[in-house]
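Worth saying up front: this structure is predicted, and the values here are computed from it rather than measured.
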Amino acid sequence: MRGGGGEAALARDAGTRPAIDRLLRGVATDHVETLRDAWRDLLRDGDGSVDLVRQKLASGAWAENPRGPLARYFGVLLALLDELDRAAFAQEVQRLRKARLHPAHAATLDVLARRVLDKPVAFAAEGVPIYVASEIAGRTVVAAKVQKWSRTRTLSLANVTRIDVISQREDMDYLGRYNLFFSGIVLAWPKAPLRGVWRWLRDLQVEHTFYHEVGHHTCGHIEGGQVAAQEREADAYARSMLRLSRPVFMRVGPVLFWPFKAVLGRRKGTPGNRP
């Protein structure tokens, strides 16, 4: 926890600093509210923000050894530009490939440049783009399921920036994450389609995970890692959404649910707090 003086200073910044400067200060201080609110302000400003981000990326600082928060500024600015204007992002990637960059920033550029060809498979409620990893079989079917869940009555995706469905790996110990900084939701999905009851179970498991991560967003949780009270609140939100999306199942759940408790109880994920 930060001291009251630091919180007060950051609060004053919210009214005096330009959004782009507040964004970078939020990165430097690991202050979730500052970064998140500045990110949303920049997205709302649209075209005006594109010019600001490109000006920052034109700095000669990216050729130098990235010390302190400078190491993260570059990736955050690129990710923001991609959200603001994909064409401008692609142009900036091409320009930066020819520029003099420190190897650490060059590696960041290589990773984020892969997003140039990344296009939404579908759009969830409220126009939120759904991205599905290319190696996942039946990408349109997967996106359609997420799209359906997003339209559950009373569920809100206000201020969610994107939903990413990534391929499930053996070393993963989570099925979903909520990105605190950028208000994005990440879901893990098996590369190959499952069959029979296992497909039904996995769909139910990931649907619950989706609602759980939306619950973190809706409830305004801003602490990284697993906080017991917040996990309970997100789980309660997920159950309320399941009662709306699967009313019959949830009525008979106490009878049918317990044999699969171990499978469905696998850790859903934690709010992430790193860009």
Side-chain angles (χ1 to χ4, degrees), residues 39-40 43-44 79 82-86 89 114-169 172 174-221 234-250 253 264 266 268-269 271-272:
W39 180 279
R40 291 176 180 175
L43 288 179
R44 278 192 289 267
D82 180 46
E83 296 289 343
L84 284 165
D85 186 326
R86 296 188 70 83
F89 173 74
R114 297 172 193 166
R115 297 174 68 159
V116 172
L117 299 177
D118 190 21
K119 293 181 174 57
V121 178
F123 290 89
E126 302 182 53
V128 178
I130 303 171
Y131 297 88
V132 182
S134 59
E135 64 268 24
I136 294 176
R139 296 169 70 220
T140 56
V141 174
V142 172
K145 290 180 180 181
V146 177
Q147 191 177 54
K148 178 183 176 182
W149 303 338
S150 76
R151 292 173 176 162
T152 300
R153 183 164 50 88
T154 77
L155 182 141
S156 174
L157 294 178
N159 290 318
V160 171
T161 59
R162 60 188 286 151
I163 299 169
D164 287 279
V165 183
I166 63 175
S167 56
Q168 178 76 43
R169 301 192 313 269
M172 282 184 177
Y174 64 89
L175 290 175
R177 288 188 184 276
Y178 169 56
N179 189 307
L180 290 166
F181 282 165
F182 308 141
S183 300
I185 292 171
V186 179
L187 298 173
W189 205 282
K191 292 182 183 179
L194 300 177
R195 303 293 180 187
V197 69
W198 295 113
R199 181 175 64 182
W200 180 85
L201 282 172
R202 174 49 67 95
D203 284 358
L204 176 62
Q205 190 180 34
V206 181
E207 182 179 1
H208 182 273
T209 299
F210 172 72
Y211 296 143
H212 179 94
E213 305 309 331
V214 174
H216 280 303
H217 173 77
T218 301
C219 296
H221 297 160
D235 270 335
Y237 181 90
R239 287 194 298 271
S240 70
M241 291 297 106
L242 278 173
R243 281 194 289 269
L244 292 173
S245 69
R246 297 174 181 252
V248 175
F249 172 77
M250 292 302 286
L264 296 171
R266 183 179 177 182
K268 292 166 282 301

Trainee: Is it true that a side-chain atom of R139 and a backbone atom of V132 form a donor plus acceptor pair closer than 3.5 Å?
Mentor: yes
Trainee: Among residues at least two apart in sequence or on other chains, which ones pass side chain to side chain donor-acceptor pair (under 3.5 Å) with R44?
Mentor: D41
Trainee: Who passes side-chain contact (heavy atoms from CB on, under 4.5 Å) against S134, sequence neighbours left out?
Mentor: none
Trainee: Would you please name every residue forming a side-chain contact (heavy atoms from CB on, under 4.5 Å) with S156, sequence neighbours left out?
Mentor: E126, A158
Trainee: Would you indicate whether the side-chain heavy atoms of Y131 and I166 approach each other to under 4.5 Å?
Mentor: no
Trainee: Evaluate the side-chain proximity of L84 to L43: yes if any heavy-atom separation is below 4.5 Å, no if none is.
Mentor: yes
Trainee: Within the structure provided, determine whether W189 and R202 are in side-chain contact (heavy-atom separation under 4.5 Å).
Mentor: no
Trainee: Would you please test E83 and W39 for side-chain contact (heavy atoms from CB on, under 4.5 Å) and show each step?
Mentor: CA-CA 10 Å; E83 296 289 343; W39 180 279; 3.7 Å; yes
Trainee: For side-chain contact (heavy atoms from CB on, under 4.5 Å), just list the numbers for K145 and V206, CA-CA rounded to whole Å, side-chain angles, deciding distance to a tenth of an Å, and then say yes or no.
Mentor: CA-CA 10 Å; K145 290 180 180 181; V206 181; over 6 Å; no
Trainee: For Q147, which residues count as a side chain to side chain donor-acceptor pair (under 3.5 Å) partner, sequence neighbours excluded?
Mentor: none
Trainee: Does any non-hydrogen side-chain atom of D164 lie less than 4.5 Å from one of R162?
Mentor: yes
Trainee: Among all residues two or more places apart in sequence or in another chain, which pass the side-chain contact (heavy atoms from CB on, under 4.5 Å) test with A234?
Mentor: H212, H216
Trainee: Is the backbone N or O of K191 less than 3.5 Å from a side-chain atom of S167, with the two atoms forming a donor-acceptor pair by type?
Mentor: no
Trainee: Salt bridge check: are D235 and R239 linked by an N-O gap of less than 4.0 Å?
Mentor: no
Trainee: For R177 and E213: C-alpha separation, side-chain torsions, deciding distance, then whether salt bridge (Lys or Arg N to Asp or Glu O under 4.0 Å) applies.
Mentor: CA-CA 6 Å; R177 288 188 184 276; E213 305 309 331; over 6 Å; no
Trainee: Looking at W149, F210, F123, which one forms a side chain to side chain contact (heavy atoms under 4.5 Å, CB included) with I163?
Mentor: F210
Trainee: Using a 4.5 Å cut-off on heavy atoms from C-beta on, say whether the side chain of S150 contacts that of L157.
Mentor: yes
Trainee: Would you sort out whether V165 and V142 count as a side-chain contact (heavy atoms from CB on, under 4.5 Å), showing the intermediate values?
Mentor: CA-CA 8 Å; V165 183; V142 172; 3.9 Å; yes
Trainee: Closer than 4.0 angstrom, basic N to acidic O: yes or no for E207 and R246?
Mentor: yes
Trainee: So, using side-chain contact (heavy atoms from CB on, under 4.5 Å) as the criterion, who are the partners of T152 when residues are at least two apart?
Mentor: L155, Y211, M241, L244, S245
Trainee: When rounded to the nearest 0.5 angstrom, what distance separates CG in D203 from CG in L194?
Mentor: 8.0 Å
